[in-house]
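Report on the following structure.
Labels below follow one simple rule: chain letters A, B, ... track the order of the sequence lines, proteins then strands, and each chain is numbered from 1. This structure is a prediction, so every number in the text was calculated from the model and none was measured.
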Amino acid sequence: MAKYLLEVDKLQTVFKTGKGEVTSVEEVSFQLKPGQTIGIVGESGCGKSVTSLSIMRLLGKHGIVKKGSILFNGLDLTKISESEMRNIRGNEISMIFQEPMTSLNPVFTIGNQMMEGIRLHMKLSKKEARKYSIEMLNSVGIPRPEAIMDEFPHSLSGGMRQRVMIAMALSCNPKLLIADEPTTALDVTIQAQILELMKNIRTKFNTAIMIITHDLGVVAEMADRIIVMYAGQVVEEANVFTLFDNPKHPYTKGLIGSIPHIDYDAEERLVSIPGAVPSFQNMPTGCRFHTRCEFAMERCLQQQPDLIPVPNDELDDHKVRCWLGEEELAATQPGNREVTV
Amino acid sequence: MFQYIIRRILIAVPVLFGVTIFNFLIINLAPGNPVDMFVNPNMSVADITAKKEALGLNDPLWEQYGRWMGNLFQGDFGYSFSTYEPVISNIADRLGPTLLLMATALVIAYLIAIPIGILSATRQYSFIDYLTTTFSFFGISVPSFFLGLGAIYLFAIVFPIFPTGGMNTLGGSAGFTDTIMHLILPALVLGTGIAGSMVRYVRSSMLEVLGQDYLRTARAKGLHHFIVNNKHALRNALIPIVTIIGLEIPLLIGGAVVTEQIFQWPGLGQLTIQSIGSRDYPTLMALNFLAAITVLFSNLITDVMYSVVDPRIKYN
């Protein structure tokens, strides 16, 4: 068991609202080895960010992890005290966010914000922390790091700010880096630079990365394994090659189909998945995707499918949450049904 | 920055000029005149006319104004119509007590408002939040004369801890502790009034900042929530509060009129009331002039403070 750095097991996160509890993430399970990169993809509002914030325990006062466990190095993050959690945050698990423009505090200098975490976790003196911060800024490719230390965030571009965020997140040598849509707000050339930077870091420090995105291009570039989430659940999990070559879930197929390709005809319509993610207040019964699924059957409307291994793909640890897969499985390999619960 | 300040001061000159004209007209439009205040049954009509002539009140308004302005350029605010003392020394005597009361009241207001505002915002919709909201509503609604009289009744009569008014005990040594004892009640009354609205400003400003992304970043660093709230959030929440402080300073000179009167505090507010009562034109003009300068100056200070607290703001 200890070979995994992070083991999320049947995580359920709910938010308390005036009208009762709203379940935002349900039965999310995945594992991550040291140095491995996992990509979590899905549309907006499918619970990707909530999953990562649950790991960081930064859900705010209304969000709680109701069920399941999050084992980090064998330590259940849902059970430890707030002060123990503070020692892990920014130290062993770091996070970078989607919006570099608003993620830095506008009234403090870059240096001040960099040194804050370093002094807290590494117990360095002010002088040492400053020196180390400059090194870190240098290592993420920021020119004139000494001068940038005394600048305020507003004088930096979005790409530079995201580099600062990455430098800040990496400064305490975290074992796990959670990147919540790290490139979404950046333009493409900067995106490529930031992804390149993250790859370098991974090889250099053997940091496990959990990358959350709705951009399949980004995960194809970065991830070893991919989790596809829909409406708070994992609908498909596979390694990156299997997922792109042989997607099983209609939702995954839809996502992959909607990537524009340069060699397509200009007249050709881009595939899109009709409709939108259902809200958590009126979640459909049965399979959550059936309202938008072109293959939906009678059974999909009534029973919720489990996340089960795909037949003939066990080696890849390819799992899918779809009756279609299971029907096929039942048809091809009768009596050989294995259901993971 | 230096250029900006110079420019602002230059702009202030015509504004100040306009304010004095306006004030002069309004004061003269008010019914009654200074001489009416001296009238006693033994004075003849000729005496009254002679007195008016002596004070220059029979001249056309523009001439009176011109004379006043001319004297002002020589640094002369004239003599009080009622005490015959130089206006400038009258005001100078009163300025110290007002500044003392004002500064203490502001400090009290912020000492109350900032921690309570933070507490109220970080525990939004909790019992504490509702309690502070109710109390701040109370602080805003209760007029200072009522609060002042209540405070005198409670803390000077029922529990005779503090004196009822004045700045020093009559015939006393007028030492430091004596002044402080006299200061506490009026400063508290004035401070609570300001704190009432200030709590609401701090609360809403904090609430806005608490939802910002950079606070999530600060929490993600593993910082204690105390540091997140009081360093990262507060520093941003104070930016709009700075404006309000700037608006509060001139208001305090006005607001202190009532409080100074109730507590017999020998400050500018009391002098204003007395001068209005006796239609003491030179003193009133000087007081208004001082008030106008305070407003213009605190506006400038506010704008300069802005660039100090918010690094994104630069003037050129």
Using a 6.0 Å cut-off, check whether atom [atom1] of [X] has over 12 heavy atoms from anything other than its own residue.
X      : atom1 : value
B/F22  : CZ    : no
A/K123 : NZ    : yes
B/F297 : CZ    : no
A/K19  : NZ    : no
B/F135 : CZ    : no
A/K61  : NZ    : yes
B/Q3   : CD    : no
A/F15  : CZ    : yes

Could you state the interatomic distance from [atom1] ([X]) to [atom2] ([Y]), rounded to the nearest 0.5 Å?
X      : Y      : atom1 : atom2 : answer
A/L58  : B/T217 : CG    : OG1   : 9.5 Å
A/E116 : B/K231 : CD    : NZ    : 3.5 Å
B/R235 : A/F108 : CZ    : CZ    : 5.5 Å
B/R219 : A/R57  : CZ    : CZ    : 14.0 Å
B/D310 : A/F152 : CG    : CZ    : 9.0 Å
B/K221 : A/I118 : NZ    : CD1   : 9.0 Å

Which portion of [X] sits near chain B, non-hydrogen atoms under 4.5 angstrom:
X      : answer
A/L53  : side chain
A/S103 : both
A/Q113 : both

Expected output: side-chain A/H154 to main-chain B/I313 donor-acceptor under 3.5 Å: no
Please identify, among [options], the residue contributing the most non-hydrogen atom pairs under 4.5 Å to chain B.
options                       : answer
A/P106, A/S155, A/G117, A/G90 : A/P106
A/M168, A/M95, A/M85, A/M101  : A/M168
A/I93, A/I96, A/L120, A/N105  : A/N105

Exercise: identify the closest heavy-atom pair between B/V309 and A/V107: O-CG1, 3.8 Å
Part of B/V209 within contact of chain A (heavy atom distance under 4.5 Å): neither
